[in-house]
Amino acid sequence: MYGNPPVKRIPVFRPQLIARLAAAGIIAASLAACATRPPASNPIALGAYEEANDPLEPFNRAMFNVDAGLDKVLIRPIIKGYRVIVPEKARPHLSNFVDNFRSPITLANDLMQAEFRRAGITLGRFVVNTGMGFFGFFDVGEEIGLAYHSEDFGQTLARWGVPEGPYIYVPLLGPMSFRDGIGFGVDAFLVDPVAWYGRADGSMAWVQWANFGLVYVMAKDNSMDPLDELKKSSLDYYAALRSSYRQIRAKEIRNGAPPPMEDFDE
Amino acid sequence: MITLSRALRAIALSLTALFIVTTPVRAQDVRSNATIFVGNFAQQGINDILAAPIASVEKQQRFRTVFKKYFDLPGIGRFVLARYWRAASPEEQARFTTLFEDVVVYTWSRRFSEYNGQTLQVSGTQTDGPEGTLVKSTIIGNNNSHFGVDWRLRKRPEGFKVLDIVVEGVSMAITYRQDYATVISQTGSFAGLLDRMDSQVADLKRQQGT
């Protein structure tokens with residue numbers, strides 16, 4: 001007689017447990033995968049290490065590869081589908097619409113940075129674009145001299161003097177400093193009025209997901225081609241992206257002011 | 001990525017519009033000489049290369065000539081490689097300069113066909129170190145899009161030369177510097193970087209069938 005094979009107990013799907021395990025795994029991996037600081041006897045390597053300022057580099061590179069895989073099987077097909085459905089001429093308008101309903105985030109951060117003139121511009125744009133620009137699909141503000149800018153809580157933290165923290169690469173979200181990661185979370189869940197609306201009534205939670213989805217598709221649609229370009233022009237795409245990311249954020253934090261003099265004539 | 005998308009979009013557009021039509025400028029002092037220099041580069045780029053009715057291979061050759069004339073290649077090499085440049089032999093430095101020229105020529109010329117009438121306005125200049133001038137400009141696209149391009153110029157015995165282009169805050173020289181420093185530390189030597197650049201150029205050439 002063949003006995004029944006022992007019944008395998010199928011574990012119940014427990015998201016909290018999985019999240020906890022993942023968190024523990026990430027922490028363990030990042031501790032194990034810290035880049036080794038070169039010794040002081042090798043000043044060239046040490047200088048490069050300090051300029052890169054990426055102590056979690058081995059871990060980040062692993063996440064970067066995970067992201068590249070997800071990009072290929074998941075994100076790219078979504079963006080390609082989006083580009084089939086939404087004609088090229090309509091895409092900037094949809095992007096304007098998303099920028100417009102996100103402008104309360106910029107306004108709140110303008111105010112938290114005591115940038116009252118810029119807050120006025122953000123408010124003016126919101127009023128003009130929502131009204132005359134048909135809910136923001138048309139950027140009327142730009143045409144009357146109210147230029148777009150964005151602020152986020154990552155920039156606010158920088159202006160408050162919070163240090164950048166280590167560079168981290170998050171699959172699906174991309175490059176960020178630790179400070180920008182905190183800022184992203186604060187904006188998405190605390191500052192953004194759409195998130196309040198989604199939470200106020202349980203049946204409205206879909207609004208928050210639609211919000212995330214739309215913002216995400218816009219961001220990926222806008223960044224896919226330039227990133228492909230950066231990948232082709234660089235030797236080490238990871239390093240080139242890290243450098244570009246830092247420079248763009250530094251400029252945003254300075255509100256577009258010219259960068260401090262680099263030593264170009266060494 | 002979320003927060004970067006606008007700036008990245010601007011950079012993508014600017015790569016298609018490195019040559020641009022400039023507004024006329026009045027020659028008065030060193031600073032307006034610098035804006036004239038940027039204007040000439042743009043004018044020559046659009047008339048002789050982008051809008052010229054010639055084959056793409058010839059555009060590429062013309063671009064190489066213009067690039068070498070307007071850009072300070074050894075100066076870029078010194079900045080991009082910094083400490084490694086000083087440690088390298090003159091032969092290695094020369095090989096780097098040649099390869100870097102190829103990398104720029106082949107990556108930029110791939111996108112010349114995407115040019116569709118963007119214009120450039122010089123918005124001002126400022127001093128940039130004892131020998132330098134920073135020319136600030138805005139590139140304006142068809143759909144009212146605009147983004148900033150700063151030209152970092154240095155006064156050399158033969159006149160102004162471009163040392164760096166900064167598009168929406170992203171410096172070409174700084175990005176290459178960190179990219180190449182990473183490759184040198186991965187491969188363990190300057191020769192390793194040169195080999196990687198060599199195969200990159202070979203790939204780019206193959207893709208363009210030249």
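Here is how names work: the chains are called A, B, and so on, in the same order as the sequence lines, proteins then strands, and each is numbered from 1.
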Other residues, nucleotides, ligands: >12 heavy atoms within 6.0 Å of A/F212 CZ: yes
Check: B/Q200 and A/K232 side chains under 4.5 Å, non-hydrogen atoms: no
Distance (rounded to the nearest 0.5 Å) between A/S234 OG and B/Y180 OH: 8.5 Å
Heavy atoms from other residues, nucleotides or ligands near CD of B/E158 exceed 12 (cutoff 6.0 Å): yes
Non-hydrogen atoms of A/S233 and B/V103 that approach each other most closely: O-CG1, 4.4 Å
Closest non-hydrogen atom pair, B/T107 against A/E229: O-OE2, 4.4 Å
Option in B/Q178, B/R196, B/M197 with maximal non-hydrogen atom pairs under 4.5 Å from chain A: B/Q178
Choice from A/G183, A/A250, A/A239 maximising heavy atom contacts with chain B below 4.5 Å: A/A239
Spatial distance of atom OG1 (B/T182) from atom CZ (A/R242) [nearest 0.5 Å]: 5.0 Å
Over all atoms of both residues, closest heavy-atom pair of B/Q186 and A/D236: NE2-OD2, 2.7 Å
Interatomic distance, A/E57 atom CD to B/S185 atom OG [nearest 0.5 angstrom]: 7.0 Å
Nearest heavy atoms of A/S244 and B/V170, plus distance in Å: O-CG2, 4.0 Å
Test side-chain contact (heavy atoms from CB on, under 4.5 Å) applied to A/Q247 and B/E168, step by step: CA-CA 9 Å; A/Q247 294 180 59; B/E168 282 289 308; over 6 Å; no
Spacing of CG belonging to B/D179 relative to OG belonging to A/S243, to within rounding of 0.5 Å: 8.5 Å
